[in-house]
Amino acid sequence: MATTNEKKGAAYRIGIYPGTFDPITKGHIHIIKRAVKLVDHLIVTVADNSNKSPLFSVEERVELVENDSAFLKQEGFSLEVKSTDDLLVRFAREQGASVVFRGLRAVSDFEYEFQMTGMNAQLEPSIETLFLMASDKYQYVSSAFVKEICRLNGDIEPFVSKNVADHLKKAL
Ligand code: ADP
């Protein structure tokens, strides 16, 4: 099958977790921690989408994700971070991925995710989108709010790692 690699006779399942990650939050990390256990290899995919006018460059966002997810590699999980400016499903197919993970927070995420999943399914029916619900603790955490709180000199460390907080304070 085109979307799974064969390794030692068993299906080797590759998943991707795409997002803007501007910057990565503890909510994203919680999704990554859970997604990496569901596949043999997880590619956290940082979207190089200038139309969203991100605060951090794609290189910075990749570096921040790499830093925050390094502990999972140390725990033995197979994970890498890549960026793409390509169509998500095309990127997923090129990477041999069969699963796309997305996180769901409030009902407000649903409409957008529903449309995106439907369109992606038409473009590439063999790639399945799996939704992981945000945990109670991170339900309200978003990169946008974290940036806003940081701009107003609020405490952002409950929501992002120390490394991300330092980068945010420098950037804003
Ligand atoms: P995008 O621009 O693709 O929405 P984001 O970086 O904002 O990029 O989000 C990437 C994915 O992570 C999305 O599926 C989003 O719903 C999910 N996500 C973001 N914040 C959280 C959170 N606090 N808990 C769970 N999922 C989240």
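Numbers here simply count residues along the sequence, with the first being 1. Indexing begins at 1, ligand by ligand and atom by atom, following the structure's order.
- A heavy-atom distance below 4.5 Å is not found between the side chains of Leu42 and Glu80.
- At least one side-chain heavy atom of Phe159 sits less than 4.5 Å from a side-chain heavy atom of Ile149.
- Under the 4.0 angstrom criterion for non-hydrogen atoms, Pro18 is in contact with ligand 1.
- With a 4.5 Å cut-off on side-chain heavy atoms, Ser126 and Ser98 do not count as touching.
- Distances below 4.0 Å separate heavy atoms of Asp109 from the following atoms of ligand 1: 16 (O).
- Heavy-atom distances between Glu113 and ligand 1 reach below 4.0 Å in at least one pair.
- The shortest separation from a heavy atom of Lys52 to ligand 1 is under 4.0 Å, placing the residue in contact.
- Here the heavy atom of the protein found nearest to atom 4 (O) of ligand 1 is Arg102 NH2, 3.3 Å.
- Taking only nitrogen or oxygen atoms, main chain and side chain alike, Tyr138 reaches within less than 3.5 Å of ligand 1.
- Taking both residues in full, the closest heavy atoms of Leu132 and Ile31 are given as O-CD1, 3.6 Å, listed atom of the first, atom of the second, then distance.
- Residue, atom and distance of the protein heavy atom nearest to atom 15 (C) of ligand 1 are Gly103 O, 3.6 Å.
- The environment of Lys26 atom NZ is dense: over 12 non-hydrogen atoms of other residues, nucleotides or ligands sit within 6.0 angstrom.
- Between Tyr17 and Phe21, the angle of the ring planes goes over 60°, which puts this pair in the perpendicular group of the 30/60° scheme.
- Of the protein's heavy atoms, His28 NE2, 3.5 Å lies nearest to atom 9 (O) of ligand 1.
- The shortest contact between atom 21 (C) of ligand 1 and any protein heavy atom is with Arg105 CD, 3.4 Å.
- Counting only heavy atoms of the protein, atom 12 (O) of ligand 1 lies nearest to Tyr17 OH, 2.6 Å.
- Counting the atoms of ligand 1 from 1 in the order shown, those under 4.0 Å from a heavy atom of Ile31 are 25 (C), 26 (N).
- Nearest protein heavy-atom contact of atom 8 (O) of ligand 1 is Thr20 N, 2.9 Å.
- Contact atoms of ligand 1 toward Phe21: 6 (O) (distance under 4.0 Å to a heavy atom of the residue).
- The number of heavy atoms from other shown groups lying within 6.0 Å of CD (Glu63) does not exceed 12.
- In this structure the side chain of Ile16 reaches within 4.5 angstrom of the side chain of Leu88, judged on heavy atoms.
- Side-chain contact between Ile14 and Asp40 is absent, with no heavy-atom pair separated by less than 4.5 Å.
- Looking at ligand 1, you won't find any N or O of Ala134 less than 3.5 Å from one of its N or O atoms.
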